[in-house]
There are 2 protein chains.
Amino acid sequence: MSEQHKPPNKRTTIYHVALEAGVAPSTVSRAFSKPSRVNSDTAQRIRQVAERLGYRTNPLARALTTSRTHMIALVIADITNPVFAEIVRGAQHAAADAELTTVLIDAQESDRLERAALERALPTIDGIVLASSRMSDSAIRVMSKQRPVVVLNRAISDVPCVVTDNPRGVRRAAEHLGELGHDHLTYVAGPEASWANGIRWRSVLEAGMELEIRVRRIGPFSPTIEGGEMAADELRRRATTAVITYNDQMAIGLMRGLARLGINVPVDLSVVGFDNIVAADIVTPRLTTVAAPLFAEGAVATKHLLAMINGSRGHTGQPMVLPVRLVVRDSTGPRKTEHRPPWAPAVNAPPPTNSILLAGN
Amino acid sequence: MSEQHKPPNKRTTIYHVALEAGVAPSTVSRAFSKPSRVNSDTAQRIRQVAERLGYRTNPLARALTTSRTHMIALVIADITNPVFAEIVRGAQHAAADAELTTVLIDAQESDRLERAALERALPTIDGIVLASSRMSDSAIRVMSKQRPVVVLNRAISDVPCVVTDNPRGVRRAAEHLGELGHDHLTYVAGPEASWANGIRWRSVLEAGMELEIRVRRIGPFSPTIEGGEMAADELRRRATTAVITYNDQMAIGLMRGLARLGINVPVDLSVVGFDNIVAADIVTPRLTTVAAPLFAEGAVATKHLLAMINGSRGHTGQPMVLPVRLVVRDSTGPRKTEHRPPWAPAVNAPPPTNSILLAGN
DNA sequence: CTGAAAGCGCTAACAT
DNA sequence: ATGTTAGCGCTTTCAG
């Protein structure tokens, strides 16, 4: 019934090359290792022979003796979420530079799946980048005992972390809203298991404090378009003129839900998202959002992981933080209801639409 | 400067288990292989001991002797393209069922990158799913000599293929357009290296023939939002009332470009996309599009690959074809004006509002 | 059904 | 600088 499809195609091994070149196998091996001895006349010749014979060193066998597989795992929370595409690109770029293969693991927003997949991949990888992991801190610490781990978008003590500057992002958004005359805003929360969700809310609180904007929170909702739509219903019952959502997908869903309820964005309500996914620029109205350097996140985390794999200690102090910027588009506008008290001056010249404010100036 | 971060953590091996259980290593090995001997009293005991010791068989070592790594590669054209997310999910689902790990390779629409990454991964994988590969047919055939390969969204003789029913999809779209009164349509082409692009255009030709709709083609353009925007400029110079684009992203870009030119969709122009990505439902107007069973594509292709890996011959005859359906939304509407005669040139000056393609409205 | 022995392809001490 | 000798952890003959 079944006929072997591939003749597993005898690879040419070190021995074939050794024989052909008239040297010992170990010499061949040496001709293919990293440092120095690249130029002994013999090594030269060996490489030629190897090339001619189409020799390729077998990474599995190599791994068996060196216990280095040259593969790393990149775990993302949800491959369906476009945020991760750029992160993956960044990570793969960094990994490819170091000739590492990346194993992508899609956790599908599930703690359980994440652990299971990781468990399976563990013996075949040299290290792990956890992007928006849904595992518990302690589970992550356990992993990090077995393999080098770098965590993205989350801060855990004793584990190297790369995060974006959420406080500043929120702050920028709140300032922007404040300048438009909003004196109170609602945060639409995402998954509770998300570290980013926690810090964003705390940052909202803090910014509200300093900027004298009243804040409240609704949620949690699923970090998806559907989640945002659900939030719209709940939001209708609250008096609010401005919201910040956990992420862009929710913002998009929210706007859709609001439209259905006859609430106009940005006239009746201003919406700010988080992430600056591609869709943010194609919805109507175009979404104002806090943009993170996605590619850089992936790249930085991966580079750091590589360093750890190569024996560096792993920067476990403060997390590395990457800058963000506010991208102002059309989903935010001046608060135009009359309730503003006369003593609260309107605005410092609202920024022209479409301008991009860079964090840090 | 560098201090070894991980003590590579001595794994417990077959020998430890063998010792503890008082049997020969080979016996332990047998207790962990697939068929029959699951129940010899000894095997039972061995498994218990193994569990207690936290033994996990090392896939690398196993692979070295069996030359089966239990990993497969899934190559996608562009991780940024949301179409692939569902395909990946489907593939991973099927793979996980068989306890295989999936290595995701993002070709970034580049022939060269695709080959390079594949080359690197080749020795560590048991098989390959090529989703929308940009490699040449012959390159793919060469790969398929070395490892089992299943190709998605493309038909190549001598290699098992899974495709969607492009002709029917196009046909449905054309019928829909025909029913709305359009008697001629433009196909906005995607990458020439894409097999799907070729067949879609041929299907347009054919449908045009049978339904008596005049067709033409513009392009190729990049299969992205930007590509679609560029197409808008070119489209303005053509008299058309309906277009089908290579994919949704282009359709979305196209609509944006058209809006910028003051052309109203669907009033002045009807647009049909391909793929039914999530964004198709959130743009304004919502995009009419041909939906493919993405998840199933990934799953079917992967299952087939698994069968091949397990020795089945590989179904190299006609490609397996998966059904599609037309999702009608708001980007298509009745042709509501007289067809402009060919000698009446399109306007070059900034159009009045809403109609430049058509005389008399 | 189990034990013994011989590798898979490579690298890492040791020698020379 | 090269050759020799042991394995890495597992599977797989081949005997008992």
Side-chain angles (χ1 to χ4, degrees), chain A residues 4 6-47 49-50 53-71 99 122-126, chain B residues 4 6-47 49-50 53-71 99 122-126:
Chain A
Q4 203 59 29
K6 304 288 138 183
N9 226 352
K10 289 278 167 250
R11 306 189 105 262
T12 69
T13 79
I14 272 200
Y15 294 100
H16 301 153
V17 178
L19 198 70
E20 185 83 8
V23 298
S26 60
T27 311
V28 177
S29 175
R30 278 190 274 265
F32 283 91
S33 40
K34 288 300 157 56
S36 48
R37 318 79 134 184
V38 263
N39 273 336
S40 69
D41 41 344
T42 345
Q44 291 281 31
R45 193 164 41 85
I46 290 178
R47 273 189 229 100
V49 175
L53 265 49
Y55 166 76
R56 324 222 31 166
T57 133
N58 177 337
L60 269 57
R62 189 206 290 262
L64 193 54
T65 53
T66 59
S67 65
R68 294 281 290 279
T69 62
H70 293 259
M71 294 201 258
E99 312 232 280
L122 206 55
T124 58
I125 55 175
D126 291 337
Chain B
Q4 204 55 31
K6 305 290 138 186
N9 226 351
K10 289 276 166 257
R11 305 189 107 261
T12 68
T13 78
I14 270 198
Y15 294 99
H16 302 154
V17 179
L19 199 68
E20 185 84 7
V23 299
S26 58
T27 310
V28 177
S29 173
R30 278 191 273 264
F32 283 91
S33 39
K34 288 298 156 60
S36 47
R37 314 84 132 181
V38 262
N39 274 337
S40 70
D41 43 344
T42 346
Q44 291 281 30
R45 193 163 44 85
I46 291 179
R47 274 190 228 100
V49 175
L53 265 49
Y55 166 75
R56 323 223 30 169
T57 133
N58 178 337
L60 268 57
R62 190 207 290 265
L64 194 55
T65 54
T66 59
S67 64
R68 295 280 291 280
T69 62
H70 293 258
M71 295 201 259
E99 313 233 279
L122 206 55
T124 58
I125 56 176
D126 291 338

Sugar-phosphate only, base, or nothing, as touched by T13(B) at under 4.0 Å among non-hydrogen atoms: sugar-phosphate
R30(B) CZ to dC14(D) P, straight-line distance once rounded to whole Å: 14 Å
Test side-chain contact (heavy atoms from CB on, under 4.5 Å) applied to T124(A) and L60(B), step by step: CA-CA 7 Å; T124(A) 58; L60(B) 268 57; 3.2 Å; yes
Length of the CZ-P vector between R11(B) and dC10(D), whole Å: 8 Å
Under the salt bridge (charged side-chain N to carboxylate O under 4.0 Å, His left out) test, residues paired with R56(A) that sit two or more places apart: E119(B)
d(CZ, F32(B); P, dT12(D)) in whole Å: 15 Å
Candidates dG3(D), dT2(C), dT11(C) - which lies nearest the side chain of T27(B): dT2(C)
Nearest to side-chain heavy atoms of S29(A), which nucleotide of dG9(D), dT4(D), dT11(C): dT11(C)
Polar side-chain contact R56(B)-dG9(D) base: donor and acceptor under 3.5 Å: no
Of V23(B) and I14(A), the one whose closest DNA chain C nucleotide lies more 5': V23(B)
Rounded interatomic separation in angstrom, taking CZ from R62(A) and P from dG9(D): 18 Å
First of P25(A) and V28(B) reached from the 5' end of DNA chain D, by closest nucleotide: P25(A)
Among dC10(D), dG9(C), dA4(C), the one nearest N58(B) by side-chain distance: dC10(D)
Nucleotide nearest L64(A) (side chain, heavy atoms from C-beta), chosen from dC10(C), dC8(D), dT12(D): dC8(D)
Integer-rounded Å distance: dA1(D) P and R45(A) CZ: 15 Å
Sugar-phosphate, base or nothing in reach of Y55(A), heavy atoms under 4.0 Å: sugar-phosphate
Base dC8(C) paired with Y15(A) side chain (donor-acceptor, <3.5 Å): no
dA4(C) base / S26(B) side chain donor-acceptor hit below 3.5 Å: yes
Atom pair CG (L64(A)) and OG1 (T69(A)), whose distance is rounded to the nearest 0.5 Å: 12.0 Å
Atom-pair distance (CG on D41(A); C1' on dA1(D)), nearest Å: 9 Å
Sugar-phosphate, base or nothing in reach of T66(A), heavy atoms under 4.0 Å: sugar-phosphate
Nearest-nucleotide pick for A61(A), side chain only, options being dC10(C), dG3(C), dT11(D): dC10(C)
Rounded interatomic separation in angstrom, taking CG from L60(A) and C1' from dC8(C): 10 Å
side-chain contact (heavy atoms from CB on, under 4.5 Å) assessment of F32(A) paired with R47(A): CA-CA 8 Å; F32(A) 283 91; R47(A) 273 189 229 100; 4.3 Å; yes
Steps toward side-chain contact (heavy atoms from CB on, under 4.5 Å) verdict (I14(B), Y55(B)): CA-CA 8 Å; I14(B) 270 198; Y55(B) 166 75; 3.2 Å; yes
